[in-house]
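Please read the structure below before turning to the comments.
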Number of protein chains: 2
Amino acid sequence: MFDTVCPTDLMPIRVGDKWTGMIIRCLEHAPRRFSELRVPLRGITAKVLTQSLRTMERDGLITRTVVTGPARQVHYELTPLGRSLLVPLNAMCAWAEEHWDALIDAREAGLSRTG
Amino acid sequence: MFDTVCPTDLMPIRVGDKWTGMIIRCLEHAPRRFSELRVPLRGITAKVLTQSLRTMERDGLITRTVVTGPARQVHYELTPLGRSLLVPLNAMCAWAEEHWDALIDAREAGLSRTG
DNA sequence: CAGTATCCTGCCTGATACTG
DNA sequence: CAGTATCAGGCAGGATACTG
């Protein structure tokens with residue numbers, strides 16, 4: 001049924017790691033620089049952001065462009081493949097918005113039963 | 001932008017842990033028993049299956065029903081909330097099918113560049 | 001500005017053995 | 001059948017300090 005050929009690791013379906021989904025959103029409308037990404041992603045450390053970015057680049061979801069000039073700049077931009085992830089991502093967000101309350105309620109009820 | 005009120009932990013959007021998505025699929029058409037779930041989920045241990053099932057129950061995605069009889073049986077079934085997850089889940093699967101090859105290619109290209 | 005280098009912790013996942 | 005108990009390994013995620 002679920003072939004072992006389908007390792008969850010390869011599956012960006014869960015939209016990668018903790019930050020991948022948010023990064024895609026941040027790059028949705030325009031390319032961004034490293035520092036620009038750190039703003040909306042409150043709390044992310046440079047190391048973790050770099051890690052996520054590198055993984056996404058390796059997987060062909062984004063491109064990395066170094067702009068040498070007066071001040072160093074690195075631009076990150078969605079590839080067509082990365083952009084295509086917006087579809088399932090939107091589906092996920094739509095679900096979340098629609099069922100968020102039910103989810104919270106269910107969890108609270110569940111917790112009250114088990115501790 | 002991404003409020004801290006939105007902890008990834010609460011977000012079954014990434015469809016929970018490693019097995020949650022598959023379990024939902026397994027329960028899509030009918031309720032199943034513990035042992036029935038272990039078959040398609042090749043390799044899952046009793047402990048991990050129990051864990052996933054308990055989490056899903058706590059979150060209101062499935063119900064657990066004990067059938068006392070000649071042989072003990074426990075039925076797991078999707079709740080409406082759990083069933084609603086099939087929509088984004090299908091969106092994710094559709095994306096995966098469509099872009100699987102591109103993904104593999106991109107990753108291979110990415111790996112050949114960085115090692 | 002855009003990262004690297006180190007160290008550390010918790011969680012996820014699993015193997016193995018045992019129970020009502 | 002449907003779990004529980006215990007132990008162990010690995011990796012993601014993060015804190016902190018430093019660099020070209």
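A:Leu41 and A:Leu49 make their closest contact through CD2-CD1, 4.2 Å (heavy atoms, listed as atom of the first residue, atom of the second, distance).
In this structure, A:Glu57 places its CD atom 15 Å from P of C:dA2, rounding to the nearest Å. Distance, B:Ile62 CD1 to D:dA2 P: 14 Å, rounded to whole Å. We find that CZ of A:Arg38 is positioned 11 Å from P of C:dG3, with the value rounded to whole Å. Rounded to whole Å, atom C1' of C:dA2 lies 10 Å from atom CG of A:Leu49. Summarising the geometry, the separation between OH on B:Tyr76 and C1' on D:dC1 is reported as 11 Å, rounded to the nearest angstrom. Counting to the nearest Å, the P atom of C:dA2 and the CG atom of A:Leu37 are 9 Å from each other. Note: CZ (B:Arg32) to P (D:dA2) measures 13 Å, nearest angstrom.
For the strand DNA chain C, secondary-structure stems (runs of at least three Watson-Crick or G-U pairs, all distances below 3.5 Å) span C:1-20 with D:1-20.
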Open item on the list: I'd like to compare against my own output: the B/S/- annotation of nucleotides 4-20 of chain C with a strict under-4.0 Å heavy-atom distance to protein.
Closed with: S-BB-----BBB-----

Residues 74-87 of chain A, side-chain donor-acceptor partners within the protein, below 3.5 Å, at least two apart:
| residue | atom | partner | partner atom | Å |
| --- | --- | --- | --- | --- |
| A:His75 | NE2 | A:Gln73 | OE1 | 3.2 |
| A:Tyr76 | OH | A:Arg64 | NE | 3.3 |
| A:Thr79 | OG1 | A:Gly60 | O | 2.6 |
| A:Thr79 | OG1 | A:Leu61 | O | 3.1 |
| A:Thr79 | OG1 | A:Leu81 | N | 3.4 |
| A:Thr79 | OG1 | A:Gly82 | N | 3.0 |
| A:Arg83 | NH1 | A:Glu28 | O | 3.0 |
| A:Arg83 | NH2 | A:Glu28 | O | 3.4 |
| A:Ser84 | OG | A:Leu81 | O | 2.5 |
| A:Ser84 | OG | B:Trp95 | NE1 | 2.8 |

Scan the side chains in residues 31-39 of chain B for donor-acceptor partners under 3.5 Å anywhere in the protein, sequence neighbours excluded, and list what turns up.
| residue | atom | partner | partner atom | Å |
| --- | --- | --- | --- | --- |
| B:Arg32 | NE | B:Cys26 | O | 3.4 |
| B:Glu36 | OE1 | B:Arg33 | N | 2.7 |
| B:Arg38 | NH2 | B:Ile44 | O | 3.4 |

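Of the candidate nucleotides C:dG3, C:dA2, D:dC1, C:dA2 has the atom nearest to the side chain of A:Ser35.
Shown here are the side chain to side chain donor-acceptor pair (under 3.5 Å) partners of A:Ser52, two or more places apart in sequence or in another chain: A:Asp17. Residues forming a side chain to side chain donor-acceptor pair (under 3.5 Å) with B:Asn90 (at least two apart in sequence, or on another chain): B:Arg25.
Between atom NE2 of residue A:His99 and atom CD1 of residue A:Ile104 there is a gap of 13.5 Å, rounded to the nearest 0.5 Å. Here B:Asp105 contributes atom CG and A:Asp59 contributes atom CG; the two are 12.0 Å apart, rounded to the nearest 0.5 Å. To the nearest 0.5 Å, atom CE of residue B:Met92 and atom CG of residue A:Leu89 are 11.0 Å apart. One distance of note links CE of A:Met56 with OG1 of A:Thr63; it measures 10.5 Å at 0.5 Å rounding.
Checking the phosphate oxygens (OP1, OP2) of C:dC1, no side-chain nitrogen or oxygen of A:Arg33 falls inside 4.0 Å.
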